[in-house]
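Here is the structure we will look at, set down as structure tokens.
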Amino acid sequence: SPVRFALTAVTAWKTSAPGVRAHAFQLIYLVQACFLARRLGQLGVVHLHNHIAMNSATVAMLASSLSGVPWSMTVHGPHDFIEPYRWALPQKIASAGFSVFIAEFGRSQAMMLVESALWPRMHVVRCGLDESFLQFPRTRITNDAGLVFVGRLAPEKGVLLLLEAVARLVAEGVRPRLVLIGDGPSRPEVEAY
């Protein structure tokens with residue numbers, strides 16, 4: 001649909017961060033969105049959910065605009081809130097059928113970016129353990145325990161906090177096996193610790 005493509009191209013331009021590099025990336029996202037929109041139609045997808053509110057949400061928003069398939073997103077933060085206008089977070093929240101936040105804090109930060117009419121479409125779904133987990137007796141960590149972390153080695157993931165907790169166990173005479181799987185900007189600091 002030439003009209004739908006033109007409207008989507010305008011949206012891509014308006015939601016781009018400033019600068020030549022950002023506009024070039026936005027063009028790449030538009031091309032990716034064209035491919036995704038076609039796949040959504042081929043697969044008969046009736047709703048698209050994106051789990052990160054930054055560049056992949058841009059692709060999802062544009063694909064939704066091209067295809068007419070409604071979309072939603074999960075906003076994790078904290079990076080989304082450091083540069084919300086760079087990532088066009090207000091426009092994405094307005095475009096999405098609903099937005100999920102992992103905590104009330106994130107939702108409250110996003111509420112400052114959009115008109116109050118959009119607030120009912122903003123929901124909190126926690127990524128943590130619920131109350132039932134706390135009802136079980138504590139499991140004692142033993143020397144034969146295996147602990148595994150899989151993820152990006154970045155400050156917001158709390159890997160140094162995990163290492164600190166294991167160090168406390170070691171100080172108490174418990175020596176569990178810890179395996180870290182991942183890479184990222186905190187790798188040198190994690191390795192040094």
Side-chain angles (χ1 to χ4, degrees), residues 1-128 130 150-152 154 156-157 181-185:
S1 168
V3 172
R4 192 171 275 196
F5 179 79
L7 292 172
T8 303
V10 168
T11 299
W13 181 263
K14 286 183 176 180
T15 58
S16 178
V20 174
R21 187 170 190 258
H23 281 80
F25 271 101
Q26 202 75 345
L27 180 60
I28 293 168
Y29 300 152
L30 179 58
V31 170
Q32 291 173 337
C34 289
F35 175 80
L36 179 57
R38 178 174 286 187
R39 289 296 291 153
L40 293 172
Q42 291 170 342
L43 297 172
V45 173
V46 296
H47 185 89
L48 171 64
H49 183 79
N50 185 79
H51 206 63
I52 301 292
M54 294 188 298
N55 48 3
S56 61
T58 300
V59 174
M61 177 181 67
L62 298 175
S64 173
S65 176
L66 287 166
S67 67
V69 173
W71 81 291
S72 56
M73 67 178 168
T74 299
V75 182
H76 287 262
H79 300 291
D80 312 289
F81 301 116
I82 293 171
E83 298 180 289
Y85 298 105
R86 173 183 175 212
W87 297 112
L89 193 55
Q91 293 91 332
K92 289 174 183 171
I93 292 169
S95 168
F98 64 90
S99 298
V100 174
F101 299 84
I102 64 170
E104 288 292 344
F105 176 77
R107 182 174 181 264
S108 71
Q109 295 302 294
M111 289 170 78
M112 293 189 297
L113 302 171
V114 298
E115 59 188 59
S116 61
L118 296 174
W119 294 358
R121 295 179 8 206
M122 300 165 62
H123 308 280
V124 174
V125 178
R126 300 186 197 296
C127 293
D130 63 15
V150 180
R152 191 165 47 89
E156 65 272 15
K157 299 299 181 180
I181 301 171
D183 201 355

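Everything numeric in this text was worked out from a predicted model, so none of it was measured. Computed over heavy atoms, backbone and side chain alike; hydrogens, waters and symmetry mates excluded.
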Partner set under salt bridge (charged side-chain N to carboxylate O under 4.0 Å, His left out) for R86, not counting sequence neighbours: E83
Counterpart residues, side-chain hydrogen bond (donor to acceptor under 3.5 Å, both in side chains), relative to S64 (two or more places apart): none
Review item, side-chain donor-acceptor pairs of residues 20-31, under 3.5 Å, at least two apart:
residue : atom : partner : partner atom : Å
H23     : ND1  : G19     : O            : 2.7
Q26     : NE2  : A12     : O            : 3.0
Q26     : NE2  : T15     : OG1          : 3.0

Check: H51 main-chain N/O paired with H76 side-chain donor or acceptor under 3.5 Å: yes
Contact summary for P84 and I82, nearest pair of heavy atoms: CD-C, 3.5 Å
side-chain hydrogen bond (donor to acceptor under 3.5 Å, both in side chains) against E156, all qualifying residues, sequence neighbours excluded: H79, R152
Heavy-atom donor-acceptor pair, S16 side chain to W13 backbone, under 3.5 Å: no
Residue pair Q109 / V75, side-chain heavy-atom distance below 4.5 Å: no
Set of side-chain contact (heavy atoms from CB on, under 4.5 Å) partners for A57, sequence neighbours left out: N50, W71, M73, K92
Where at least one partner belongs to residues 82-102, residue pairs that pass ring pair (Phe, Tyr, Trp, His ring centres under 6.0 Å), sequence neighbours excluded: H47-F98
Expected output: side-chain S65 to main-chain M61 donor-acceptor under 3.5 Å: no
Over all atoms of both residues, closest heavy-atom pair of L113 and P90: O-CB, 3.7 Å
Donor-acceptor contact present, side-chain S95 to main-chain Q91, <3.5 Å: no
Non-neighbouring partners of S116 that pass side-chain contact (heavy atoms from CB on, under 4.5 Å), sequence neighbours left out: W119
side-chain contact (heavy atoms from CB on, under 4.5 Å) involving V125 - partner list, sequence neighbours excluded: V100
Which donor-acceptor pairs under 3.5 Å do side chains of residues 35-45 form with protein atoms, sequence neighbours excluded?
residue : atom : partner : partner atom : Å
R39     : NH1  : Q42     : OE1          : 2.8

Residues forming a side-chain contact (heavy atoms from CB on, under 4.5 Å) with V124, sequence neighbours excluded: E104, R107, R126
